[in-house]
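Have a look at the structure below, then the notes.
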Amino acid sequence: MSLLVAKDIAIHFGGVKAVDGVSFSVEEGEVFAIIGPNGAGKSTIFNLISRIYPLTHGKISFDGKDITRLKAHDIAQLGIARTFQNIELFDHSTVLQNMLMGRHTHSRTSFVENILFTPKVRQQERDHRKRVEEMIEFLELEAYRNKMIAGLPYGVRKVVEIGRALAIGPKMILLDEPASGLSVEESQEVAFWIEDMRRDMGLTVLMVEHDMGLVSAVADRVLAVANGRMLAEGTAAEVQADPHVQAAYLGTAPAGEPA
Ligand SMILES: Nc1ncnc2c1ncn2[C@@H]1O[C@H](COP(=O)(O)OP(=O)(O)OP(=O)(O)O)[C@@H](O)[C@H]1O
Ligand SMILES: [Mg+2]
């Protein structure tokens, strides 16, 4: 069964058709990449899935449930975590605190239970700590655990954001340009982590990425979009060889077709 199914999804901002009838499905355990030129609608697709934007049209289901009209915080509860293209962390909190905050969106105790700090709350806090410490170890962030986000190098902040998303314990993670701004070595590390997320954590990964080296290395399937519309779907090699995709990156029409 497909874990995520997006059917004919669209959002229009006034006259701008940011996403305009896109359909795809992501299988459980798959690494699925969305590529396309700047402004293609990739991040907007993520914002539709994570329910930050309402759909103008179409339907999204996850794990067999229709999530088209759910609230953003319900999405995290269902097991979809994400990172943001522009890194959204609390600058004046530590790495550990940021990762625990990701975890707290997942709390299953009531307000009253939290105030009374009941055994259930204490157990939950221990579970949060354990998961966060595991992710700190997985992403080799030990040296930064108690450092403030504001003073950290860009590459480290990107990794912390992945850690915060993983701390939730999701079924699926959405990564918006995990390699942008990273060095070649850092991008290779991201490729290894994505492989480990799939293999060791059983995660399904949906990523947006411009770095075709990374996409070719990790993605099972690739969807190319431009101007809010689908251009091609297939392996990284197939999609890169597609004349519509090549034309979109060059800003021209494929040979023999009107512009
Ligand atoms: N909140 C919004 N209001 C109006 N227009 C928007 C909004 N969000 C996105 N858009 C427009 O939708 C289009 C797609 O934007 P989006 O950010 O999804 O592109 P992208 O494929 O992620 O590009 P990039 O590779 O540069 O990140 C752009 O034309 C953008 O200006
Ligand atoms: Mg984007």
Side-chain angles (χ1 to χ4, degrees), residues 4 6-24 26 31-60 67-73 75 80-89 154-155 157-162 164-165 172-183 186-187 190-191 194 205-219 221-234 236 239-240 242 244-253 259:
L4 181 87
K7 210 169 159 205
D8 202 18
I9 59 171
I11 183 166
H12 302 165
F13 298 107
V16 178
K17 294 181 174 177
V19 177
D20 192 24
V22 169
S23 300
F24 61 95
V26 183
V31 177
F32 190 98
I34 302 177
I35 66 162
N38 294 122
K42 305 178 298 296
S43 297
T44 306
I45 293 174
F46 273 19
N47 288 334
L48 290 173
I49 296 170
S50 47
R51 309 293 308 111
I52 290 172
Y53 293 154
L55 282 83
T56 305
H57 187 264
K59 183 178 160 180
I60 303 174
I67 63 165
T68 315
R69 272 170 244 295
L70 288 190
K71 298 266 182 298
H73 68 265
I75 294 296
I80 303 179
R82 70 169 294 181
T83 64
F84 292 85
Q85 191 169 344
N86 301 319
I87 308 185
E88 296 198 7
L89 292 169
Y154 179 79
R157 281 187 276 139
K158 281 202 85 110
V159 177
V160 174
E161 214 196 12
I162 294 177
R164 186 184 56 182
M172 179 178 217
I173 185 165
L174 314 184
L175 302 171
D176 197 347
E177 301 201 17
S180 77
L182 299 187
S183 67
E186 287 170 328
S187 300
V190 169
I194 291 173
V205 180
L206 175 59
M207 62 190 271
V208 165
E209 187 50 66
H210 284 289
D211 177 345
M212 284 311 291
L214 176 62
V215 170
S216 304
V218 300
R221 284 188 302 143
V222 178
L223 169 69
V225 292
N227 299 318
R229 302 191 68 89
M230 301 164 64
L231 294 175
E233 194 187 307
V239 168
Q240 283 181 95
D242 188 287
H244 293 94
V245 175
Q246 292 178 356
Y249 277 95
L250 293 172
T252 58

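Order of listing sets the numbers, starting from 1, for every ligand and every atom in it.
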Evaluate the side chain to side chain contact (heavy atoms under 4.5 Å, CB included) criterion for residues Phe13 and Thr44: first the C-alpha distance (whole Å), next the side-chain angles of each, then the deciding distance (0.1 Å), finally the verdict. CA-CA 11 Å; Phe13 298 107; Thr44 306; 4.2 Å; yes
For Phe13, is at least one N or O under 3.5 Å away from an N or O on ligand 1? no
Return the closest protein heavy atom for atom 12 (O) of ligand 1 as residue, atom name and distance. Ala18 CB, 3.1 Å
Does the Glu233 side chain pair with the main chain of Val222, one donor and one acceptor, at a distance under 3.5 Å? no
Residue selection (non-hydrogen contact nearest atom 15 (O) of ligand 1) among Thr44, Ile45, Val208, Asn47: Thr44
Whether over 12 other heavy atoms sit under 6.0 Å from Asn227 CG: no
Ala40 N/O under 3.5 Å from ligand 1 N/O: yes
Enumerate the atoms of ligand 1 whose separation from the nearest heavy atom of His210 is less than 4.0 angstrom. 25 (O)
If you scan protein heavy atoms around atom 17 (O) of ligand 1, the nearest is Ser43 CB, 3.9 Å
Listed protein N/O/S atoms, distance to the Mg ion (ligand 2) under 2.8 Å: Ser43 OG, Gln85 OE1
Quick one: does Gly39 get an N or O within less than 3.5 Å of an N or O on ligand 1? yes
Surrounding NE2 of His57 (heavy atoms of other residues, nucleotides or ligands, distance under 6.0 Å), is the total greater than 12? no
Exam field: side chain Lys42 to backbone Met207, donor-acceptor pair closer than 3.5 Å: no
Looking at Val239 and Gly234, what are the two nearest heavy atoms and their distance? CG2-N, 3.4 Å
Any idea which atoms of ligand 1 are less than 4.0 Å away from a heavy-atom of Asn38? 23 (O), 24 (P), 25 (O), 26 (O)
Provide the number and element of each atom of ligand 1 under 4.0 Å from a heavy atom of Glu177. 25 (O), 27 (O)
Shortest protein contact, atom 27 (O) of ligand 1 (heavy atom only): Gln85 NE2, 2.7 Å
In chain order, what residues pass the salt bridge (Lys or Arg N to Asp or Glu O under 4.0 Å) check against Glu209, with sequence neighbours excluded? none
Looking only at non-hydrogen atoms, the one of His12, Lys42, Glu209 nearest atom 25 (O) of ligand 1 is Lys42
Under-4.0 Å salt bridge between Lys158 and Glu161: no
Does the protein put a heavy atom under 4.0 Å from atom 21 (O) of ligand 1? yes
Shortest non-hydrogen contact from Ala248 toward Ala226: CB-CB, 3.9 Å
Starting from atom 1 (N) of ligand 1, locate the nearest protein heavy atom and write down its residue, its atom name and how far away it is, to 0.1 Å. Tyr53 OH, 3.1 Å
The single option from Ile49, Ile45, Leu70 passing side-chain contact (heavy atoms from CB on, under 4.5 Å) against Ile60: Ile49
Residue from Leu206, Ile194, Val31, Val190 passing side-chain contact (heavy atoms from CB on, under 4.5 Å) with Leu175: Ile194
Are Leu4 and Phe32 close enough, and set up right, to give a side chain to side chain contact (heavy atoms under 4.5 Å, CB included), and what steps lead you there? CA-CA 11 Å; Leu4 181 87; Phe32 190 98; over 6 Å; no
